[in-house]
Amino acid sequence: MEYNHREIESRWQQYWKEREVYKVEADPSRPKFYVLDMFPYPSGAGLHVGHPLGYIASDIYARYKRLQGFNVLHPMGYDAYGLPAEQYAIQTGQHPEKTTTENIARYRSQLDKIGFCYDWNREIKTCDPEFYKWTQWAFQQMFKHYYDKSTDKAEPIEKLIAHLEAHGTENLTAVGGKELEFTAEEWQALTDKEKSDALMNWRIAYLGHTMVNWCPKLGTVLANDEVCEGLSLRGGYPVEQKLMYQWCLRVSAYAQRLLDGLEKIDWTDSLKETQRNWIGRSEGAEMRFKVAGQDLELEIFTTRADTIFGVTFMVLAPESAYVSQVTTPEQKEAVEAYLNEVKHKTERERMIDKKVTGVFTGSYAVNPLTGKEIPIWVSDYVLAGYGTGAIMAVPAHDSRDYAFAKKFDLPIIPLIEGADVSEQSFDAKSGKMINSCGPILDLNGLEVKDAIARTKQFISENGIGKVKVNFRLRDAIFSRQRYWGEPFPVYYKEGIPHMLPESELPLQLPEIDQYLPTEKGEPPLGRAKNWQTADGYPLELNTMPGFAGSSAYYLRYMDPHNDNALVSPEANSYWRNVDLYIGGTEHATGHLIYSRFWNKFLFDLGKVVEDEPFRKLINQGMIQGRSNFAYRIKDTNTFVSAGLKNQYDVTPIHVDVNIVNNDILDTEKFRAWRPEFNNAEFVLEDGKYVCGWAVEKMSKSMFNVVNPDDIVDRYGADTLRLYEMFLGPLEQSKPWDTNGIDGVNRFLKKLWKLYEGGVDNSEPSAASLKTLHTLIKKVTADIEQFSYNTSVAAFMICVNELTAQKCQSRTILEPLAILLAPFAPHIAEELWHSALSHETTVCDAHWPTYDPAHLVENEVTYPVSFNGKMRFNLTLPASMGKDDVIAAAMNAEGAAKWLEGKQVVKTIFVPGKIVNIVVK
RNA sequence: GCUCGAAUGGUGGAAUGGUAGACACGAGGGACUUAAAAUCCCUUGGCUAUUGCGGCCGUGCGGGUUCGAGUCCCGCUUCGAGCACCA
């Protein structure tokens with residue numbers, strides 16, 4: 001019987017579904033293993049062949065762990081809120097929920113065809129009220145907590161309030177946005193509204209005036225990780241800076257723990273590095289400069305305290321509060337004109353023209369170490385959001401300060417011996433200090449590193465400043481002016497935000513007539529009827545961003561139907577955290593930071609037992625498209641084959657890869673493809689039309705999208721699974737090229753034939769045992785290292801050898817079927833039942849272990865060399881020890897004569913590998 | 001600019017410091033067939049040699065360590081990724 005993948009695969013998929021073979025329950029008597037995929041956003045385009053790569057990899061690992069006796073949690077769900085569905089709704093008026101539901105159904109049918117071992121009883125959708133109840137709940141908890149430096153964790157806000165009532169801000173250890181100062185009496189005298197506003201300074205979820213990335217085209221605010229080079233990640237629209245009153249999450253309070261946590265988890269170095277960059281810890285000093293003639297000090301942050309003697313001016317960010325305080329009446333007009341100019345530039349414009357701009361405020365600051373007066377300027381190269389929004393400028397040793405000094409003709413004082421600053425600044429942190437001697441501190445002659453330390457020590461001892469650690473990581477902006485997201489469980493009473501009682505969660509997303517802002521410019525929820533509490537208080541109009549729902553979803557899978565908690569303590573203490581997480585790198589600075597933050601917060605509250613959510617993380621590479629081209633001779637409808645294209649003046653045209661096979665164009669299908677090609681002519685080579693190709697992003701416009709459904713239909717899911725793994729290393733990006741798939745398909749046919757030859761209870765030959773045990777050893781090691789491509793190769797070798805050996809022994813063929821089950825579950829299951837006549841499913845079998853006894857060689861062939869030059873091969877019994885092998889090598893024919901009169905200096909013997917003899 | 005990673009045949013890619021190119025595709029040759037498809041067998045890094053045995057070169061470039069380097073170290077080149085007026 002032929003190998004019929006269609007019949008086999010649909011039958012087994014049906015069987016698994018009906019008997020709930022992959023259903024999993026917590027079982028304390030067995031060790032757990034949690035394998036998770038990054039759940040997809042169900043887009044309208046459906047899955048292409050690149051999407052399942054990571055899913056297949058995790059499925060193999062999940063099945064492997066299961067065969068090893070672990071209780072494996074392997075769930076799937078959908079990140080269902082998001083902009084594309086809403087943009088589509090704006091265009092068509094169709095409810096995003098409808099689009100989303102349809103897309104999910106499409107995704108599900110595509111996933112089902114590939115034969116994954118997901119427990120679909122645990123499916124979650126972030127837009128499901130039963131799910132987002134817990135997103136809203138977590139937000140409320142963040143509102144009700146603040147971060148305490150003394151305990152280094154989140155604490156209830158009541159604890160902070162008690163402190164403020166008793167001591168004001170004295171000895172306060174809460175992490176806040178601003179450094180507020182007031183006494184207990186002052187606190188008690190505040191109105192409720194003032195108290196609420198003040199507490200926002202410390203709450204982990206807080207309302208704040210922050211500079212946000214505003215995208216006018218999308219009509220919403222975006223998080224930093226949703227913006228790339230001044231354009232929105234979704235849509236690519238310009239983004240500008242705008243001051244808005246928004247919900248934010250105090251992620252920055254967790255910066256140090258997010259950094260430290262990286263040490264404990266098994267992620268790739270590059271991903272950890274990306275997160276370290278994003279967190280951006282920098283150690284430096286905060287210093288105060290007096291403003292001449294005013295009772296005011298400018299606070300600045302610097303990592304180069306050693307360059308204090310080279311400070312020749314100060315610069316403030318345009319948004320800095322200091323600006324209005326230090327601007328003199330004479331300069332007022334110029335400064336205001338400048339601020340206005342800066343405000344109207346978008347982030348993108350600022351980046352495109354890197355012109356140096358700025359304006360003098362009219363005031364001077366006093367260098368605390370030299371007593372000299374230096375001018376205070378304003379420029380947009382200083383960022384308001386980092387450090388204190390003010391810097392001391394050292395043009396000799398900072399390229400940005402240098403450019404500024406050159407433009408406005410400010411003095412440049414070199415501070416490092418031998419540094420030539422006539423053309424450019426000297427930014428390196430090395431060399432000996434010069435010109436750095438003042439009345440109270442002398443740094444001359446010190447190495448830069450020592451000078452930094454010396455200055456830091458000096459300024460803190462003398463009250464000029466203090467040692468300070470700054471992070472680049474900002475708080476996450478948590479409001480979106482959109483419809484298709486989780487509503488905030490918040491209402492406003494006399495302008496004060498209040499949390500809805502937990503019993504009223506989830507607060508369901510209301511229906512609206514149009515998915516657009518209101519005439520007044522309010523977010524879409526402003527259109528909802530009766531969007532208020534029972535007592536008539538207005539509800540929040542913003543919704544939560546995409547990352548809200550994806551930040552704790554992995555916890556929900558542990559206990560997806562629990563109505564009383566995000567996850568029960570029992571379920572959580574059994575499943576703990578994700579042992580293996582597979583997904584793309586694109587989430588490195590978004591989801592993977594927010595999840596870690598969210599998890600650490602829940603950990604602080606005692607709601608989860610693990611401090612890090614994802615123990616091991618693998619990034620699968622992107623599958624790129626492989627586009628095909630036909631070459632049209634200019635101004636004709638004649639196409640010339642790739643090998644001849646240089647003889648003509650041609651324009652390459654993208655051809656649908658689905659009408660090309662092994663780069664040979666099906667010319668009839670091409671003519672039928674589009675009307676304008678109906679009467680196309682072809683210039684062939686060897687009777688064929690050969691297409692050119694290039695690697696590009698897989699997208700509709702390139703006509704290089706390959707749908708997994710088509711591959712499954714033609715070759716089967718098992719072939720697709722094996723081929724995706726065979727393409728190359730999992731973590732590497734690579735183009736999809738259907739050309740090689742026949743090889744994998746041939747392997748499955750050969751495998752089928754091997755079992756079709758019959759299975760009996762005969763004693764296996766030593767050769768077959770060796771073949772099998774080599775495979776067990778190889779595949780087990782490979783799976784542990786996610787080296788799936790070499791595993792597939794090992795299977796091919798094994799089946800070829802067993803076929804040549806005419807092996808029919810159950811002792812060999814049974815373990816082989818089990819080994820293959822994670823990779824190609826359908827055919828493995830079929831062989832398990834039909835050829836091996838088992839009643840149970842192969843999913844319940846046990847992973848075989850290899851027996852080294854079967855791998856032992858009777859003879860070993862050593863390459864023997866003298867002085868590293870290979871001379872001959874020597875085949876000897878494997879039992880021979882080092883001395884015997886070397887003696888045999890030296891006595892071998894030819895060798896003995898060659899060695900005459902020479903002295904052996906050293907012998908190198910690698911057991912089973914090589915013999916090398918060094919002579920003089 | 002800073003940080004990280006990569007570079008091996010016509011192609012995708014294998015190689016705990018130990019015979020580089022596993023496995024697969026493609027290509028060429030052959031068997032079977034009226035023919036095609038399917039299947040099977042052989043060849044396939046380059047140069048050179050050939051009746052046969054062979055020989056030399058070869059993992060981006062230049063050095064180094066080592067008996068021995070694709071692999072380790074130093075210095076480049078190119079490509080990819082992340083961060084980027086972050087003081």
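Throughout, a chain's letter reflects where its sequence line sits, starting with A, and its residues are numbered from 1. All values reported here derive from a predicted model rather than from experimental measurement.
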Peer 1: Take Ile308(A) and Met392(A) through the test side chain to side chain contact (heavy atoms under 4.5 Å, CB included) and record every step on the way to the result.
Peer 2: CA-CA 8 Å; Ile308(A) 183 111; Met392(A) 61 178 214; 4.3 Å; yes
Peer 1: Taking atom C1' in both G46(B) and A36(B), what distance in whole Å separates the two?
Peer 2: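 Rounded to whole Å, the distance is 37 Å.
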Peer 1: C1' atom, G9(B) versus A27(B): distance in rounded Å?
Peer 2: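 It comes out at 13 Å once rounded to the nearest Å.
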Peer 1: May I have the distance from Ile917(A) (atom CD1) to G18(B) (atom C1'), rounded to whole angstrom?
Peer 2: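 Whole-Å distance recorded here is 15 Å.
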Peer 1: The side chain of Ile797(A) is closest to which nucleotide in this list: C83(B), A22(B), A87(B)?
Peer 2: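 Closest nucleotide to the Ile797(A) side chain: A22(B).
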Peer 1: Taking only residues two or more places apart in sequence, or in another chain, which ones meet Asn739(A) in a side chain to side chain contact (heavy atoms under 4.5 Å, CB included)?
Peer 2: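 Result, side chain to side chain contact (heavy atoms under 4.5 Å, CB included) vs Asn739(A): Arg626(A), Asn662(A), Asp663(A), Asp737(A).
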Peer 1: If you find the nucleotide of RNA chain B closest to Glu2(A) and the one closest to Gln275(A), which residue's nucleotide is nearer the 5' end?
Peer 2: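 This one resolves to Glu2(A).
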Peer 1: Between atom CD1 in Ile308(A) and atom P in A87(B), what is the gap in whole Å?
Peer 2: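 Atom CD1 in Ile308(A) sits about 17 Å away from atom P in A87(B).
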Peer 1: Mind checking the C1' distance from U66(B) to G54(B)? Whole angstroms is fine.
Peer 2: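 Straight-line distance between the two C1' atoms is 30 Å.
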Peer 1: Which part of the nucleic acid does Ser282(A) contact within heavy-atom distance under 4.0 Å: base, sugar-phosphate only, or nothing?
Peer 2: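 Sugar-phosphate, backbone atoms only, no base.
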Peer 1: OP1, OP2 of A87(B) versus side-chain N and O of Tyr386(A): anything below 4.0 Å?
Peer 2: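 Affirmative; the distance criterion is met.
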Peer 1: Counting Watson-Crick and G-U wobble pairs whose two distances are both under 3.5 Å, find the runs of 3 or more in a row that involve RNA chain B.
Peer 2: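 Listed by first number, the stems are B:1-7 with B:77-83, B:10-12 with B:23-25, B:26-31 with B:39-44, B:45-48 with B:54-57, B:60-64 with B:72-76.
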Peer 1: Given C85(B), A84(B), A24(B), identify the nucleotide with an atom nearest to the side chain of Asp380(A).
Peer 2: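 Closest of the options to the side chain of Asp380(A): C85(B).
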Peer 1: Less than 4.5 Å apart, side chain to side chain, heavy atoms only: is that true for Phe301(A) and Ser282(A)?
Peer 2: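 Yes. Closest side-chain heavy atoms under 4.5 Å.
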Peer 1: Taking OH from Tyr723(A) and P from C23(B), how many angstroms apart are they, rounded to a whole number?
Peer 2: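 About 17 Å, once rounded to whole Å.
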Peer 1: Any side-chain heavy-atom pair from Asn800(A) and Lys750(A) closer than 4.5 angstrom?
Peer 2: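 In contact.
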Peer 1: Please name all residues satisfying side chain to side chain donor-acceptor pair (under 3.5 Å) with Glu283(A), sequence neighbours left out, ordered by chain then number.
Peer 2: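 Side chain to side chain donor-acceptor pair (under 3.5 Å) list for Glu283(A), sorted by chain: Arg281(A).
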Peer 1: Can you build the contact string for nucleotides 10-15 of chain B? Use B for base contact, S for sugar-phosphate-only contact, and - for no protein heavy atom under 4.0 Å.
Peer 2: --BSS-
Peer 1: With C1' as the reference atom in both, quote the distance from A22(B) to U44(B) in angstrom, rounded to an integer.
Peer 2: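 Looking at atom C1' only, A22(B) and U44(B) are 15 Å apart.
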Peer 1: Would you say C40(B) has OP1 or OP2 under 4.0 Å from some side-chain N or O of Arg746(A)?
Peer 2: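 Indeed not, no polar side-chain atom of Arg746(A) lies that close.
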Peer 1: Taking for each residue the nucleotide of RNA chain B with the nearest heavy atom, is it Lys753(A) or Thr302(A) whose nucleotide lies nearer the 5' end?
Peer 2: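 That would be Lys753(A).
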Peer 1: Taking only heavy atoms on the protein side, list every residue of residues 585-592 of chain A lying under 4.0 Å from any atom of RNA chain B, sorted numerically.
Peer 2: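 Per residue number, the list is empty: none.
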Peer 1: Any idea which heavy atoms bring Ala889(A) and Ile917(A) closest together, and the distance?
Peer 2: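 For Ala889(A) versus Ile917(A), the nearest heavy atoms are CB-CD1, 4.2 Å.
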Peer 1: Taking all atoms of both residues into account, what is the closest heavy-atom pair of Asn789(A) and Pro729(A), and its distance?
Peer 2: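 Taking every non-hydrogen atom into account, ND2-N, 3.7 Å.
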Peer 1: Are Ser787(A) and Thr790(A) linked by a side-chain donor-acceptor pair shorter than 3.5 Å?
Peer 2: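 Present: a donor and an acceptor within the cut-off.
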Peer 1: Please report, rounded to the nearest Å, how far the C1' atom of G68(B) is from the CZ atom of Phe909(A).
Peer 2: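 Nearest whole value for this atom pair: 16 Å.
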Peer 1: Write down the distance between CZ (Phe823(A)) and P (C23(B)), rounded to a whole number of angstrom.
Peer 2: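 Rounded to the whole Å, the gap is 18 Å.
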Peer 1: Please measure how far the C1' atom in G1(B) lies from the corresponding atom in U11(B), and state the result in whole Å.
Peer 2: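 Between the two C1' atoms, the distance is 37 Å.
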Peer 1: Taking 4.0 Å as the cut-off, does a side-chain nitrogen or oxygen of Arg276(A) come that near to OP1 or OP2 on G82(B)?
Peer 2: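 For Arg276(A), the contact criterion (side-chain N or O under 4.0 Å from OP1 or OP2 of G82(B)) is not met.
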Peer 1: Could you give the distance separating G62(B) and U77(B) at their C1' atoms, to the nearest angstrom?
Peer 2: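 Each nucleotide's C1' atom is 11 Å from the other's.
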Peer 1: In whole Å, I'd like the distance from the CG atom of Leu473(A) to the P atom of C83(B).
Peer 2: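 From Leu473(A) CG to C83(B) P: 13 Å.
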Peer 1: Quick one: are Phe823(A) and Ile783(A) in side-chain contact, heavy atoms under 4.5 Å?
Peer 2: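 They are in side-chain contact.
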Peer 1: If I pick the C1' atom on C74(B) and the same atom on G21(B), what distance separates them, to the nearest angstrom?
Peer 2: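 It works out to 28 Å between them.
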Peer 1: Once salt bridge (charged side-chain N to carboxylate O under 4.0 Å, His left out) is applied, do any residues pair with Lys468(A), and if so which ones, sequence neighbours excluded?
Peer 2: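 Per chain and number, Lys468(A) pairs via salt bridge (charged side-chain N to carboxylate O under 4.0 Å, His left out) with Glu286(A).
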Peer 1: Taking atom C1' of G82(B) as reference, at what distance in whole Å does atom CE of Met622(A) sit?
Peer 2: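 Rounded to whole Å, this separation is 15 Å.
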Peer 1: Looking at residues at least two apart in the chain, or sitting in another chain, which of them share a ring pair (Phe, Tyr, Trp, His ring centres under 6.0 Å) with Phe426(A)?
Peer 2: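 Here no residue qualifies.
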Peer 1: Suppose you measure atom C1' in G5(B) against the same atom in G60(B); what distance do you get, rounded to whole Å?
Peer 2: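 Nearest-Å result for G5(B) against G60(B) at atom C1': 16 Å.
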Peer 1: Would you call G60(B) syn or anti, using the 90° rule around 0?
Peer 2: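 Anti.
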Peer 1: Output the rounded distance in Å from CG (Asn739(A)) to C1' (A27(B)).
Peer 2: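 Atom-to-atom, Asn739(A) to A27(B), this comes out as 13 Å.
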Peer 1: With sequence neighbours excluded, what pairs up with Phe726(A) under the ring pair (Phe, Tyr, Trp, His ring centres under 6.0 Å) test?
Peer 2: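 Ring pair (Phe, Tyr, Trp, His ring centres under 6.0 Å) list for Phe726(A), sorted by chain: empty.
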Peer 1: Please report the interatomic distance CD(Gln732(A)) to CG(Leu727(A)), rounded to the nearest 0.5 Å.
Peer 2: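 Rounded to the nearest 0.5 Å, the CD-CG separation comes out at 10.5 Å.
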Peer 1: Considering every strand and a 4.0 Å limit on heavy-atom distances, what is the contact class for Arg474(A): base, sugar-phosphate, or nothing?
Peer 2: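 Base contact - Arg474(A) has a heavy atom under 4.0 Å of at least one base atom.
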Peer 1: Can you name the side chain to side chain contact (heavy atoms under 4.5 Å, CB included) partners of Ala403(A), sequence neighbours left out?
Peer 2: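 Partners of Ala403(A) by the side chain to side chain contact (heavy atoms under 4.5 Å, CB included) criterion, ordered by chain and then number, come out as Val356(A).
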Peer 1: Sequence neighbours excluded, which residues qualify as ring pair (Phe, Tyr, Trp, His ring centres under 6.0 Å) partners of Tyr594(A)?
Peer 2: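 Residues passing ring pair (Phe, Tyr, Trp, His ring centres under 6.0 Å) with Tyr594(A): Phe547(A).
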Peer 1: Mind jotting down which residue pairs meet the salt bridge (charged side-chain N to carboxylate O under 4.0 Å, His left out) criterion with at least one end in residues 779-805 of chain A? Sequence neighbours excluded, please.
Peer 2: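 Every pair satisfying salt bridge (charged side-chain N to carboxylate O under 4.0 Å, His left out) with a residue in residues 779-805 of chain A: Lys778(A)-Asp782(A).
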Peer 1: Any protein N or O atoms within reach of nucleotides 1-9 of chain B? Criterion: under 3.5 Å, listing atom names and distances.
Peer 2:
from	atom 1	to	atom 2	distance (Å)
U3(B)	O2'	Glu273(A)	OE2	2.8

